[in-house]
There are 2 protein chains.
Amino acid sequence: MSKCEQCIVKEFNALKTLTKEELIRVSACKTGKHYKKGDVIFEEGETLNGVFCIRDGVCKLTKLSENGKDQVVKLIVKGELLGKRSLISNESTNLSAVALNDMEMCFIPKSEIMLDLNKNPKFTMDVLKDMAHELKDADDSLVNMAQKSVKQRLAETLLYIEKNFGTDNDGYLSIVLSREDYASIVGTATESTIRILSQFKKDGLISTAGKKIKIEDENELKRIE
Amino acid sequence: MSKCEQCIVKEFNALKTLTKEELIRVSACKTGKHYKKGDVIFEEGETLNGVFCIRDGVCKLTKLSENGKDQVVKLIVKGELLGKRSLISNESTNLSAVALNDMEMCFIPKSEIMLDLNKNPKFTMDVLKDMAHELKDADDSLVNMAQKSVKQRLAETLLYIEKNFGTDNDGYLSIVLSREDYASIVGTATESTIRILSQFKKDGLISTAGKKIKIEDENELKRIE
DNA sequence: ATAATTACATGACAAATATCATATTTTATA
DNA sequence: TATAAAATATGATATTTGTCATGTAATTAT
């Protein structure tokens with residue numbers, strides 16, 4: 001397992017603010033974990049005693065609604081720190097995390113992170129900025145959910161995934177999700193998702209190969225209402 | 001205008017973590033502002049050069065959706081700090097703030113707050129905790145918006161307002177909102193809101209006097225699906 | 001390789017919600 | 001107080017979305 005101070009992944013998250021000495025210390029107590037597609041990393045209500053630094057793979061953060069359906073709140077990829085929020089507020093997680101493909105992560109115990117938060121104000125400030133940004137994203141998501149049609153939300157989800165997680169060599173979205181996952185992101189019934197994707201395909205906005213999706217007409221997708 | 005170090009309001013927000021000396025310094029540079037019902041405190045996209053500490057009154061934080069409708073993201077009352085997020089991330093606000101009744105606020109310049117954030121790690125940590133909590137609330141709101149019916153969301157909004165902002169002597173919700181405001185919180189058309197409130201009234205779940213609303217059957221409201 | 005399971009797809013219909021029209025009531029203003 | 005303007009109310013109707021049923025394709029397990 002590579003050392004934190006040499007790890008490229010930390011450049012994408014708040015850990016980059018730590019000094020070399022701090023990183024060496026953190027590195028010494030971290031443990032490597034891997035998860036296979038579908039594995040539950042943690043579940044809503046659990047107490048986390050540390051944070052996960054994602055080295056590879058993607059997972060979804062979900063919350064069980066009162067009506068029994070799961071809602072995807074966020075997709076998390078390489079570089080992000082998982083479990084920050086509940087560690088900071090010292091509460092059990094409000095979300096579940098499930099691997100969407102095979103994942104490599106480092107687990108850093110709570111005590112280590114708290115030490116850094118208490119000792120390195122620059123680090124705390126960086127985490128704070130990070131969280132401020134997440135809060136802004138959350139506001140945007142809420143407005144989209146409240147004001148846009150299912151079709152529009154699905155179109156935007158496809159565009160979001162392409163923009164943030166990229167495509168493979170053939171142009172297909174590199175994150176492959178089930179229709180059910182898409183439904184759970186958009187907040188709709190699986191059948192509705194399937195229907196709309198079929199329509200998009202018919203209209204030449206996307207093409208598919210198995211579960212893989214390729215965006216064919218980005219501009220038209222953006223114009224969906 | 002009262003002094004920060006003696007102000008009771010600060011007990012409800014992150015300012016309570018500041019030392020007496022810091023509070024005296026902050027107090028010296030703050031300016032009092034008041035707004036009348038309907039006044040715009042700031043608008044989406046503006047650069048804020050400070051935060052507002054709310055001493056009295058209520059305001060709504062809204063965001064303009066691409067379809068031209070305003071969405072209420074949050075209601076803010078006495079004790080809360082307004083403008084924290086954009087100050088921390090050093091970006092323009094992503095939300096507009098509009099007074100829902102007459103408001104008394106203190107405006108604390110950005111430089112003061114940043115000084116405290118840089119000098120007092122306990123304060124930073126407190127702001128961080130605050131923000132972690134807001135993020136949790138945001139997750140919950142998203143799930144509610146995505147998974148619950150308009151009727152259910154409206155019922156919960158009424159219960160939320162009663163719980164968090166209380167009632168007047170006659171039992172009416174102390175925050176008086178227009179039907180349009182309720183629609184904008186719930187994310188629906190004004191007519192739908194009016195219809196559902198009429199139904200609630202008919203079913204004896206609420207009663208009204210002008211724009212004022214009184215919850216008559218809390219349990220039944222909670223049971224709405 | 002075949003059976004069993006799961007995911008995807010689509011039709012038919014029901015329910016929820018939006019939109020438009022138009023009263024009526026309330027509130028603000030001359 | 002009279003009048004205008006805004007907010008509330010409600011009907012009629014269109015649109016969107018959900019639900020249930022059923023069939024097909026793709027995966028997974030035996």
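Each chain gets a letter, A, B and so on, in the order its sequence line appears, and its residues count up from 1.
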Visitor: Where the side chain of A/N13 meets the backbone of A/L15, is there a donor-acceptor pair that is under 3.5 Å apart?
Guide: yes
Visitor: Do A/S65 side-chain atoms and B/V143 backbone N/O form a donor-acceptor pair below 3.5 Å?
Guide: no
Visitor: Write down the atom of B/G210, the atom of B/R179, and the distance for their closest heavy-atom approach.
Guide: O-NH2, 4.4 Å
Visitor: Could you pull out every donor-acceptor pair under 3.5 Å between side chains of residues 186-195 of chain A and any protein atom, sequence neighbours left out?
Guide:
from: A/T193; atom 1: OG1; to: A/A189; atom 2: O; distance (Å): 3.4

Visitor: Side chains of A/N90 and A/K110: any donor to acceptor distance under 3.5 Å?
Guide: yes
Visitor: Using atom types as modelled, flag every donor-acceptor pair under 3.5 Å from a side chain in residues 82-89 of chain B to any protein atom, sequence neighbours excluded.
Guide:
from: B/K84; atom 1: NZ; to: B/D130; atom 2: OD2; distance (Å): 2.7
from: B/K84; atom 1: NZ; to: B/E134; atom 2: OE2; distance (Å): 2.9
from: B/R85; atom 1: NE; to: B/N94; atom 2: OD1; distance (Å): 3.3
from: B/R85; atom 1: NH1; to: A/A132; atom 2: O; distance (Å): 3.2
from: B/R85; atom 1: NH1; to: B/S89; atom 2: OG; distance (Å): 3.3
from: B/R85; atom 1: NH2; to: B/N94; atom 2: OD1; distance (Å): 3.2
from: B/S89; atom 1: OG; to: B/R85; atom 2: O; distance (Å): 3.2
from: B/S89; atom 1: OG; to: B/E91; atom 2: OE1; distance (Å): 3.1

Visitor: So if I take the C1' atoms of five pairs at each end of the helix from C/dA1-D/dT30 to C/dA30-D/dT1 and get each local axis, what angle do the two axes make, rounded to 10 degrees?
Guide: 50°
Visitor: Sequence neighbours left out, what passes salt bridge (Lys or Arg N to Asp or Glu O under 4.0 Å) with B/K60? Give chain and number order.
Guide: B/D181
Visitor: Restricting to pairs with a member in residues 152-165 of chain A, which pass side chain to side chain donor-acceptor pair (under 3.5 Å), not counting sequence neighbours?
Guide: A/K148-A/E156
Visitor: Tell me: CD1 of A/I194 to C1' of D/dA25, nearest whole Å?
Guide: 12 Å
Visitor: Just by modelled atom types, is the B/K37 backbone N or O under 3.5 Å from a matching donor or acceptor in the B/D102 side chain?
Guide: yes
Visitor: Keeping B/D168 on the side-chain end and B/S174 on the backbone end, is there a donor-acceptor pair under 3.5 Å?
Guide: no
Visitor: Would you tabulate the pairs of protein nitrogen or oxygen atoms and nucleotide nitrogen or oxygen atoms of nucleotides 2-6 of chain D closer than 3.5 angstrom?
Guide:
none

Visitor: Quick check for you: name the first and last nucleotides of DNA chain C, 5' to 3', having an atom under 4.0 Å from a heavy atom of chain B.
Guide: C/dT17 to C/dC20
Visitor: With a 3.5 Å cut-off and sequence neighbours excluded, list the donor-acceptor pairs that the side chains of residues 68-78 of chain B form with protein atoms.
Guide:
from: B/Q71; atom 1: OE1; to: A/Q147; atom 2: NE2; distance (Å): 2.9
from: B/Q71; atom 1: NE2; to: B/S184; atom 2: O; distance (Å): 2.9
from: B/Q71; atom 1: NE2; to: B/I185; atom 2: O; distance (Å): 3.1
from: B/K74; atom 1: NZ; to: B/E80; atom 2: OE1; distance (Å): 3.3

Visitor: State whether the side chain of B/D39 and the backbone N or O of B/I41 hold a donor-acceptor pair below 3.5 Å, judged by distance alone.
Guide: no
Visitor: Looking at residues at least two apart in the chain, or sitting in another chain, which of them share a side chain to side chain contact (heavy atoms under 4.5 Å, CB included) with A/N49?
Guide: A/F107
Visitor: Could you tell me which non-hydrogen atom of B/G57 sits nearest to which non-hydrogen atom of B/N101, and how far apart they are?
Guide: CA-OD1, 3.3 Å
Visitor: Which residues within residues 201-212 of chain A lie with some heavy atom under 4.0 Å of an atom in DNA chain D?
Guide: none
Visitor: Counting only non-hydrogen atoms, which of residues 213-225 of chain B are less than 4.0 Å from DNA chain D?
Guide: none
Visitor: Which heavy atom of A/D170 sits nearest to which heavy atom of A/K214, and what is that distance?
Guide: O-NZ, 3.1 Å
Visitor: For B/C29, is there any backbone N or O sitting under 3.5 Å from a side-chain donor or acceptor partner on B/E112?
Guide: no
Visitor: What is the per-nucleotide protein-contact pattern of nucleotides 17-22 of chain D, from the 5' end, where B denotes a base atom under 4.0 Å from a protein heavy atom, S denotes such proximity for sugar-phosphate atoms only, and - denotes neither?
Guide: SSBB--
Visitor: Regarding B/S198 and B/K201, is there a side-chain donor-to-acceptor distance under 3.5 Å anywhere?
Guide: no
